[in-house]
Amino acid sequence: MKVCIAEKPSVAREIATVLGANTKRDGYYEGNGYAVTYTFGHLCTLKEPNDYKPHWKSWDLNNLPMLPEKFETKVTKDSGIQKQFKIVKGLFDKADVVINCGDAGQEGELIQRWVLDQAKYKGEVQRLWISSLTTEAIKEGFNNLQPSSKYDNLYYAGFSRAIGDWLLGMNATRLYTVKHGGYKQVLSVGRVQTPTLAMVVNRFKEIENFKPQPYWELQTLYRETLFSYEEGRFTNVEEGQVLADKVKEHDFEIVSISKKNGNEYAPKLFDLTGLQVYCNTKFGFSADETLKIVQKLYEQKVVTYPRVDTTFLPNDVYPKVEGILRNITKYSDLTAPLLGKKIKKSKKVFDDSKVTDHHAIIPTGVQINLQYNQQQVYDIITRRFIAVFYDDCKVANTTVIGKADTVNFKTTGKEILSKGWRVVFETGDSKTKEPGLLPSFTKGEKGPHEPSFLEKETKPPKQFTEASLLRAMETAGKQVDDDELRDLMKENGIGRPSTRANIIETLFRRKYIKRNKKQVLPTITGIQLIDIIQNDMLKSAELTGLWEKQLKDIEKGDYSAGAFIKNMKQMVDRLVYDVRSETVKANISYTNNKTGTSSSKKSSKSKTKSAKKAVVGHACPKCKSGQLVKGKSAYGCNLYGKSCDFVLPFSFAEKKISSNQYLRLLTKGSTVNLKGFKIDGHAVEGLLRFDEAFKLKLEPKKGTAKGATKTTSDDIACPKCKKGTIIRGKTAYGCSAYKTGCDFRFTYDAIREKANGQTLTRDLVYTILNGG
């Protein structure tokens, strides 16, 4: 019997249908000489520390480093997984050959090899390697089964990656938690997540510490076209002003016009990171959402395998292109110009040397009805695929030089001569925005112009978005805008395309980073964690990128898995020694990032402590983009002095305000009524609110006038009926004879307004009530 093992039940069902294994059994399909079973992702995992040595269960610095001699796996302790593993093992025991049908990538290879190893299977193993789940692809894959040994290096790379993550994650997490963690707080440290967090923290600090530098730009408007001073900006205002004054006195003259025709190539096909970047920028999808959507599209057979890091296709896909284009009939208006003639084949699309396990993400030709967000992702994948077979876009790049007196100005523009592939992205509701065309200039023409000399200032880099963070992970933190150069740097990126989204989600889940609209910002805890980590091994994107390069070399057979693991052990050993020797204890806690208590059982003392700390790190109520920090005499926005002036003084009206009350003010809009304020020497009770400018204001307790808490009014005769006396209500003074018809009423607000800032003494209130 041939036993096939897939990574998911849904994939097993597709394979079973193609093979004719149509009888459903408990945990597998059977028929036509095949049994097709499946895992649920990771049936097996690396053993935990206490599986090696019982005393390693204790989180104790004296137990570190934990460096197992040999790493072993175990079946996950889940009853459903345990049951499925027994079914799989039972089938392996009867198998003549096992066909590994796991996802065709490093993780898929690792998952299935661990199951084979745990089941102690010693027989023949073959490998199914496919890039889509269409019937045609599955049949073709089974006609070209490969010996499992061909993928040994892929397994060694995956195993080395898992061990590296275990060594660094297990040891560093315990090390920093015990050394620097607050009460019952785990500080998670990882081989990829920590350098990713460090990039976010470093960018945040760079922006926070950025000091704008002034500069001046000399420009002029001629025939509704903006020209800029040819030699660039000025850092010296006097120097620029001389030229600005000079050009005002002269007409503008066109000196030269140069046009250079060129080609613009269609956008590259998508790899996973490129797709995630596009969908985050255009649709606002998180990296994780995009991965889930495109994985579902793959399982629905409409696109090829998505967890890829190449934007190229192998040459053997070229003969299939025409069939795919014919089958995507919903795009027939775009594919029709391509069919019926030889389809373009470019080295910018087809290059065997740029393809390893899988090719770029493309449509398969299968069409089904999709949910809206799935259709958005499928549509852009399909349009990119169609576009690469269109002609290049032909453009004319134009540079115009003009002058006023002897001062030269320049402007550039681009004219679309032939749209080519651009038509593929023109839809009914959203056409591709073409660059503005320059007017037709003639050399030697002259005329009036409107010069301007403006002061500007340098701007800091932008905060990360998920899109830009993914790109930074891809290039190990280096800013690379060129597609060709980015391709060359991919081997040194951090993480893998398939795991980067999960790394980012993990940082969100652990409250190390947070979202502010599209921005990705570090939390107070995230900043504190990176600040306390002194060892570059943990937070260097470049070093982590070097590890990724070594893992890829293991996959190619150019580097030893044993050497990689040995080096990781040595680095962990040094790390433990260094951190244990540190004399500072940071006492980092997550409470800064919590919006409320997680358990009703927490003591009031614990709640108070949490509330006090929660003011720090709270979003600034005024500018909404900064965070509150603690100073010597006040809390304030961390953008104070730059773009925000918000402060919360520790004392107001001679009364110290607790952080608990300030937290209530920030979250509910006011404090509770507090005693002990002093206004003009008088004790006042009331609550604090923000005014329209987000300054503190005191609202005296209802039923009392500010400064008049000691004033009695039962001996003041009603100024209207002269029979009753003045009494105090909740919002106003009134007459005690109101039941017999007197309607005298004077609100507290009206009294304060009449007082016009004067201290409300008994005599002043009496005077106001009597019409004074």
Side-chain angles (χ1 to χ4, degrees), residues 215-234 240 243-244 246-269 281 311 334 337-338 341-349 383-384 386-427 430-454 456 479-487:
Y215 67 92
W216 290 262
E217 278 193 349
L218 177 59
Q219 297 176 320
T220 192
L221 190 67
Y222 174 66
R223 288 182 55 192
E224 298 184 356
T225 303
L226 189 65
F227 287 75
S228 297
Y229 177 56
E230 190 175 26
E231 295 183 29
R233 60 181 60 168
F234 296 93
L243 295 184
K246 187 176 182 180
V247 300
K248 287 178 183 177
E249 309 301 323
H250 298 82
D251 278 350
F252 192 79
E253 179 184 353
I254 299 298
V255 176
S256 69
I257 304 160
S258 62
K259 288 190 177 183
K260 185 177 180 181
N261 291 350
N263 292 340
E264 283 189 350
Y265 304 113
K268 284 180 170 290
L269 297 172
T281 304
T311 57
L334 297 175
L338 301 175
K341 62 179 182 179
K342 184 174 175 60
I343 292 172
K344 173 183 171 183
K345 187 179 182 184
S346 165
K347 187 75 171 174
K348 292 185 176 297
V349 179
R383 287 179 186 273
R384 284 272 181 111
I386 295 170
V388 298
F389 301 110
Y390 267 70
D391 292 333
D392 297 336
C393 171
K394 297 189 182 303
V395 298
N397 295 306
T398 305
T399 300
V400 182
I401 305 294
K403 70 175 182 177
D405 193 27
T406 59
V407 182
N408 282 353
F409 293 83
K410 180 172 77 171
T411 192
T412 59
K414 180 167 60 178
E415 182 180 350
I416 306 296
L417 302 178
S418 172
K419 289 183 178 180
W421 55 265
R422 284 178 178 269
V423 300
V424 176
F425 299 99
E426 293 180 351
T427 58
S430 176
K431 291 198 172 185
T432 302
K433 186 179 179 182
E434 296 181 0
L437 299 179
L438 294 175
S440 179
F441 293 109
T442 305
K443 183 179 177 179
E445 69 173 82
K446 289 184 178 180
H449 62 119
E450 301 172 31
S452 60
F453 185 57
L454 302 176
K456 299 184 179 181
Q479 181 67 39
V480 180
D481 297 320
D482 182 77
D483 283 343
E484 301 292 336
L485 183 56
R486 190 185 297 122
D487 276 337

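Worth knowing before you read on, the calculation uses all heavy atoms, side chains too, and leaves out hydrogens, waters and symmetry mates.
A distance-only check finds a donor-acceptor pair linking the side chain of W421 to the backbone of E264 [under 3.5 Å]. In this structure, S346 contributes its side chain and K348 its backbone to a donor-acceptor pair below 3.5 Å. Not one N or O on the side chain of R383 forms a donor-acceptor pair closer than 3.5 Å with the backbone of F425. One N or O on the side chain of K344 and one on the backbone of Y390 form a donor-acceptor pair closer than 3.5 Å.
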Just distance, no hydrogens or angles: give the donor-acceptor pairs under 3.5 Å from side chains in residues 220-230, sequence neighbours left out.
{"unit_1": "T220", "atom_1": "OG1", "unit_2": "H449", "atom_2": "ND1", "d": "2.6"}
{"unit_1": "T220", "atom_1": "OG1", "unit_2": "E450", "atom_2": "O", "d": "3.4"}
{"unit_1": "Y222", "atom_1": "OH", "unit_2": "E445", "atom_2": "OE2", "d": "2.6"}
{"unit_1": "R223", "atom_1": "NH1", "unit_2": "S440", "atom_2": "O", "d": "3.3"}
{"unit_1": "R223", "atom_1": "NH1", "unit_2": "E445", "atom_2": "OE1", "d": "3.2"}
{"unit_1": "R223", "atom_1": "NH1", "unit_2": "E445", "atom_2": "OE2", "d": "2.9"}
{"unit_1": "R223", "atom_1": "NH2", "unit_2": "S440", "atom_2": "O", "d": "3.2"}
{"unit_1": "T225", "atom_1": "OG1", "unit_2": "R223", "atom_2": "O", "d": "3.3"}
{"unit_1": "S228", "atom_1": "OG", "unit_2": "Q219", "atom_2": "NE2", "d": "3.3"}
{"unit_1": "E230", "atom_1": "OE1", "unit_2": "N408", "atom_2": "ND2", "d": "3.4"}

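The nearest pair of heavy atoms linking V247 to P451 is CG2-CB, 3.9 Å. Between C393 and K419, the shortest heavy-atom distance links the atoms CB-O, 3.4 Å. Pairing each heavy atom of L334 with each of V423, the nearest pair is CD2-O, 4.1 Å. The two atoms that bring A266 and A387 nearest to each other are CB-O, 3.7 Å, heavy atoms only.
Partners of T442 by side chain to side chain donor-acceptor pair (under 3.5 Å), not counting sequence neighbours: none found.
Distance check: E253 CD to I401 CD1 gives 13.0 Å after rounding to the nearest 0.5 Å. In this structure, the separation between CZ on R384 and CG on L269 is 8.0 Å, given to the nearest 0.5 Å. Note that CZ of F389 and CG of L338 are 8.0 Å apart. Values are rounded to the nearest 0.5 Å. Note that CD of E415 and CG of N261 are 9.0 Å apart. Values are rounded to the nearest 0.5 Å. Remark: R233 CZ to E217 CD distance equals 6.0 Å, nearest 0.5 Å. Atom-to-atom distance recorded for I343:CD1 and K345:NZ is 12.0 Å, nearest 0.5 angstrom.
Remark: the T406 side chain and the K246 side chain contain an N/O donor-acceptor pair separated by less than 3.5 Å.
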Under the side-chain contact (heavy atoms from CB on, under 4.5 Å) rule, what do K394 and N263 come out as? Steps first, then yes or no, please. CA-CA 5 Å; K394 297 189 182 303; N263 292 340; 3.6 Å; yes
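Between F453 and F234, the ring planes are perpendicular. Angles over 60° get that label, and only those under 30° would be called parallel.
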